[in-house]
Amino acid sequence: MTEVEAKQRLKLLYMEIRAADDQYYNADAPVLSDAEYDALRQEMLALEAEFPHLVTANSPSQSVGVKPSGKFGKITHAVPMLSLDNAFTDDDVTDFVARVKRFLNLPDDTVIEFTSEPKIDGLSAALRYENGVLVSGATRGDGQVGEDVTANLRTLETVPKTLKGTGWPDVLEVRGEVYIDHLDFETMNQAQQAAGKDVYKNPRNAAAGSLRQIDPSITAKRPLKLFAYAWGELSAPISETQFGAIERLAEWGFSTNPETRLHSNAADIIQHYTEISEKRANLGYDIDGVVYKVNDLELQERLGFVSRAPRWAIAHKFPAEKAITLLKDIEIQVGRTGALTPVAKLDPITVGGVVVSNATLHNEDEINRLGVKPGDRVEIQRAGDVIPQVLRIVEDSGNAPFDFPTHCPVCGAEARNDVDEKTGRIDVVKRCTNGVRCPAQATESLIHFVSRRAFDIDGMGTKQIEGFYDKGLVLEPADIFTLESRNESIGLERWEGWGETSARNLFDAINARRNIEFHRFLYGLGIRHIGQGNANLLARHYLSWDKFFDAVISIGEADSFAWTELMSIDGVGPGQAGSVRDYFADPANRQLVQNLLAQVNVIDAEAPSGDSPVAGKTVVFTGKLEKFSRDEAKAKAQSLGAKVSGSVSGKTDYLIAGPGAGSKLKKAESLGVKVLSEDEWLAFID
Ligand code: IVH
């Protein structure tokens, strides 16, 4: 068969198969027997295999025929998908450039190149190619694990199914932003309206909703596009520079942003930002800032990451959009850690395309500073994904000042301002003193417990937790794990909105978390100041939950051994350490943990492995380093699996001492700790 004949035949096959699919899925009246249908698909697949470049995005092989699964599978990202730090002012950008040079220990006048590209306001996706063929596609998810939306991503015209050109590595994972442009968004919403369906609030929501359709044939009808701007796993390097890598992605068939530029200093970058700000309204798609990246990939590698964002990139965000509206009331919300947060209830108003009816007032001091009270007309602002804020009073109602409560509005316990461990100053935030005995703190803690970065229990969210809590069925985390054994009397499958399948799915999702990693377990407890990054640090330091628990419950005096050890972990300060100590000092919390441990098994963190001689060793840096900045040296040591500590003790394995080393060096010598110069250290880890 010639190519032209194949093309015609495929066109016909596509039509017949699509008609049959439509009958089968939507009309419940198959026109073809199974055998006839299978024969058509076989013929199509054989032709597509013979002429792969004839496969189009809307070929039935690329979408339908995959029965709706009801749920997406999960894909673990081989390289985590990170987020970006933000810059809001020109000074933030200048600081970023200076910070990069400082980390690399380069003089201020060194020229470093940066790329700039618009920050597309969509959602990110990862596309994996093996030997030039698209094999999977995932959403970002929590950055570690995303949803498998391969069938949906295949339907995008801007997602190559096979790579063009030559020279791509065997494994190539391309990352980019899925978005919908302004014109398509308008058309799409008109169609939604005509069909009597809800319209989407903005292109970003429309893109997210469209990509996460269970049925890929619906995604295929949505005008989704993708700009490629980054990569994950690669079996071989694709370029020496960011700019070059983007050019290669374009050669291989990806759509890359035409506004991508190269700059060599902060002033140049800021000038370009102004130009993009002016062009913004005419680009045809939503952007919420400009992203700058260090161009040299070797430098990117050296700069590495800090918790969830790279040191080599920053997002320069556009200023917030503002609006004026009536402040109807001030409501006090009680969070997971007991913080009383005042929330302004507003007359709903559209700000930057989103309807806003709540804005945060942060704390009591902020209310006093602004002087706001119910009845005032206020100016509010919304910046990207940041919670809207109240800026000032525009028209004073003359009403009496707002009386900030002295007691928790939910449980009635006293609300107090803490004293900051570090500064000794009184904290601006008032907190309910009732801990998990307060229903608001308990439910918020439970919601945090089941959330994605913690126990990640599918099918258990705010609504379900509140429902179970109100009925007295789940009052603490352990209760989640006993729901199934109590279900005879609960009868979840008979509740409104539930059924046999959804109840079964929930119990399965819960049981799947009975073995849980140390860092997730710790993060899930919701201890103040112990976010994902700190939970990871602690897990990597103590390795086993028992060791950690024994240590933290033995913290009595501020100078106890356990306290010193906790404080010696690089990245743990008095705020975090004090918070851990206080949490475990409360018998109610210890009981809660004990109850939970009766239900789940905590998996030990992995001891740092690898061939490096410093893996698992504790190192301390002191004095001046000459080849690297202190930050880069520490980051390098950590990436090799070493624990970096701020103080010398009997547990220190190596002290790396530069010129000017003083008391730490003396202490190391007296303890017989091995001391290395910077050069010796470099030779050692090489
Ligand atoms: S680079 C490690 N470049 O912004 C750096 N991100 O706030 C990975 N985004 O999750 C991201 N346009 O969804 C990069 N030109 C661009 C971008 C971009 C939009 C999104 C992306 C990311 C988020 C971070």
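Residues: numbered from 1 along the sequence shown. First listed ligand is number 1; within each ligand, the first listed atom is number 1.
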### Task
Output yes when the distance from some N or O of ligand 1 to some N or O of S83 is under 3.5 Å, and no in every other case.
no

### Query
Going by heavy atoms, is P310 under 4.0 Å from ligand 1?
yes

### Query
Taking heavy atoms and a distance under 4.0 Å, where does V291 meet ligand 1: side chain, backbone, both or neither?
side chain

### Message
Can you confirm, on distance only, whether ligand 1 has an N/O atom lying under 3.5 Å from any N/O atom belonging to E117?
### Response
yes

### Message
Could you check whether any heavy atom of P118 sits closer than 4.0 Å to an atom of ligand 1, since that is the contact criterion I want to use?
### Response
yes

### Task
Go through the side-chain N and O atoms of E275 and Q271 and say whether any donor and acceptor fall under 3.5 Å apart.
yes

### Query
Which ring-ring contact (aromatic ring centres under 6.0 Å, His included) pairs, counting each pair once, include a residue from residues 112-147, with sequence neighbours left out?
F96-F114, Y129-F254

#### Entry: Pairs satisfying salt bridge (Lys or Arg N to Asp or Glu O under 4.0 Å), at least one member in residues 219-239, at least two apart
R128-E233, D181-K225, D184-K225

### Message
Taking 4.0 angstrom as the limit and counting only heavy atoms of L82, give me the atoms of ligand 1 inside it, by number and element.
### Response
10 (O)

### Of the listed options R140, Q300, K119, closest to atom 23 (C) of ligand 1 (non-hydrogen atoms)
K119

### Query
Are the charged groups of R513 and D456 less than 4.0 angstrom apart, N to O?
yes

#### Entry: Residues K74 and D458 bridged, charged N to O under 4.0 Å
yes

### Closest contact, heavy atoms only, P203 versus I180
CB-O, 3.6 Å

### For S124, the ligand 1 atoms whose distance to one of its heavy atoms is below 4.0 Å
10 (O), 13 (O)

### Query
What do you reckon, does A230 have a nitrogen or oxygen under 3.5 Å from a nitrogen or oxygen of ligand 1?
no

### Query
Using the benzene-type ring in the case of Trp, are the ring centres of Y200 and F185 under 6.0 Å apart?
no

### Query
Relative to the heavy atoms of K293, which atoms of ligand 1 are at a distance of less than 4.0 Å?
1 (S), 3 (N), 14 (C)

